[in-house]
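Here's the structure we're looking at; comments come further down.
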Protein chains: 2
Amino acid sequence: MEPRQGAQAIRRALAVLRILAAGREDGVPLAEVVRTTGLTRPTVHRIVHVLIEEGIVERHERTGRYAIGNQVPELALARPRPSRLLIAANPSLQRASAAIGDTLFLTVRTGNDTLCVDRRIGVYPIQVLSIEVGARRPLGVSSAGVAILAAMPAQEARKIVAANEKRFEAYRTDAATVLGEVTAARRLGYGMREIGLVQGTKSISTWIKTPDGQPAAAMTVSAVRTRLGPRREQEVTEILLREARIIEQAIGG
Amino acid sequence: MEPRQGAQAIRRALAVLRILAAGREDGVPLAEVVRTTGLTRPTVHRIVHVLIEEGIVERHERTGRYAIGNQVPELALARPRPSRLLIAANPSLQRASAAIGDTLFLTVRTGNDTLCVDRRIGVYPIQVLSIEVGARRPLGVSSAGVAILAAMPAQEARKIVAANEKRFEAYRTDAATVLGEVTAARRLGYGMREIGLVQGTKSISTWIKTPDGQPAAAMTVSAVRTRLGPRREQEVTEILLREARIIEQAIGG
DNA sequence: CGTTCTTGTCCATATTATGGACAGAACCAG
DNA sequence: CTGGTTCTGTCCATAATATGGACAAGAACG
């Protein structure tokens, strides 16, 4: 059922776009797109330059890097803005942020990536702000990604991790490590990373499932490690788990 | 220089996406995509279904219509949100809206379409709200489109009108009529439509050019026709023209 | 219950995208 | 300066890919 054919070029163009999206405003050099997609350079070059002509991709004058162009948000305007999930999660994020005081993230799965779609800054004076709305990472490198992988069938998780293998090295991890973390998260009931993507930070993530049991998102707290000792870890986790269940209800209704 | 080749399929897929974008949330039936793109049905069918598998397009359960999928806004998050233009135009829209009291629109050109990117509701109790942020129309069918066409070289405008010809009939107009309006707008210095897209409304649009002389956007007032008599038309136009020049300055700096 | 609209599928064909090979540009170290 | 290493860009014969004519079946309509 899955593999409808006759559009290799279109699929490839989309794979390229997703890599470019991970580069945000700064963009990505052509060579990196070649490496991570596994396509040949002439192919990537051709695709990228056609997309530039079409306004879907832009090239930075200075750096020569390629990035998502402004026609993409223009196409996005066709959809009603705040998604169902964002609306459903809003009160929970508000409450949890007030109760916890550290930075809160809402992260969704999109294909083989995690995508940060909301962020709430807490009241505590030291906040982990490195991850911004729009940040996109291979599923598995952040605690949110680990949580989302943990919430899906083991076989599917393994498939995704295998597909992302090439991209892991840029984050100094590998498939085996990620799978270990996923197993641990499954046992704990939530995702956790003692060493966050930023030095000296720690993150805790709970997953949010759709009514049909698929993980739809993760809710994450990130803080400097010293602020998340065992005692507080449990407190925070309880809040996150409670709010995650509430969001699931809100999606279901 | 323009026509880089070796990616017909990708260009076609994008043409399809732009038509779907015009359908907003409701989407567009396959047959209409076939008609307006001029592609054959098997080709459109294949493209659309591959895009569905990729999450770029969605199909409405009830109606069977095709619409932009939620991966598009996800890709769009890669870009910094409010565009340069939106920031530059904000104070002008604020001022003009307060001074005029009728609904104000900011519309950009994207390819052969106009796209409404901002809307300000005025204080007057009767407001024309039919056009929403995200609304996309063939260049030429709205007063904003006429204004933008009027602000570009005549030859380029003719080219665009010719390209959109097939889509005009859905809006009960045609190439000749549009070209006439464009010529009139060029003489007047602003775009105007006695008969707006909505019955009984009238619209006035001024263009906004980038430093290199290309029209970047249009600022439009829409109101019930009786509120825009000759006297008030002049008042409103003066405000719009003044603010358009201010926005041009803001973009240039 | 024909007529006309729609969407979906098949598959032989030739048009199209592919990628190996070549080349230039920028940068760095010795 | 030069040899090495990165990067980006281009060519074109070839094979694989996307194409669209033809067929089919389901809705909507009168």
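Chain naming here is simple, since letters A, B, ... match the order of the sequence lines and numbering starts at 1 in each. Small disclaimer: the values here were computed from a predicted structure and weren't measured.
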For [N], take OP1 and OP2 only and decide whether either is under 4.0 Å from a side-chain N or O of [X].
X: Y66(A); N: dC7(D); value: no
X: Q8(A); N: dT18(C); value: yes
X: R59(B); N: dG8(C); value: yes

Whole-Å distance separating the [atom1] atom of [X] from the [atom2] atom of [N]:
X: R12(B); N: dT17(D); atom1: CZ; atom2: C1'; value: 13 Å
X: I52(B); N: dT7(C); atom1: CD1; atom2: C1'; value: 12 Å
X: R62(B); N: dA28(D); atom1: CZ; atom2: P; value: 11 Å
X: I10(B); N: dA17(C); atom1: CD1; atom2: C1'; value: 9 Å

query: Do the side chain of D113(B) and the main chain of L115(B) share a donor and acceptor less than 3.5 angstrom apart?
result: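 Absent.
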
How close do [X] and [Y] get, counting heavy atoms only, and between which atoms?
X: L75(A); Y: A21(B); value: CD2-CB, 3.7 Å
X: G27(A); Y: A67(A); value: CA-CB, 3.7 Å
X: G69(B); Y: R79(A); value: O-CD, 3.2 Å

- prompt: Where each residue is assigned the nucleotide of DNA chain D containing its nearest heavy atom, which of G64(A) and A7(A) is assigned the position nearer the 5′ end?
  reply: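 Looking at the nearest nucleotide for each, G64(A) comes out on the 5' side.
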
DNA chain D contacts among residues 27-51 of chain A, heavy-atom distance under 4.0 Å: P29(A), L30(A), A31(A), R35(A), R41(A), P42(A), H45(A), H49(A)

- request: For residues Y66(B) and H49(B), establish whether the separation of their ring centroids is below 6.0 Å.
  value: yes

message: If I take atom OG1 from residue T37(A) and atom CG from residue L17(A), how far apart are they, to the nearest 0.5 angstrom?
response: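 Between T37(A) OG1 and L17(A) CG, I get 11.5 Å after rounding to 0.5 Å.
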
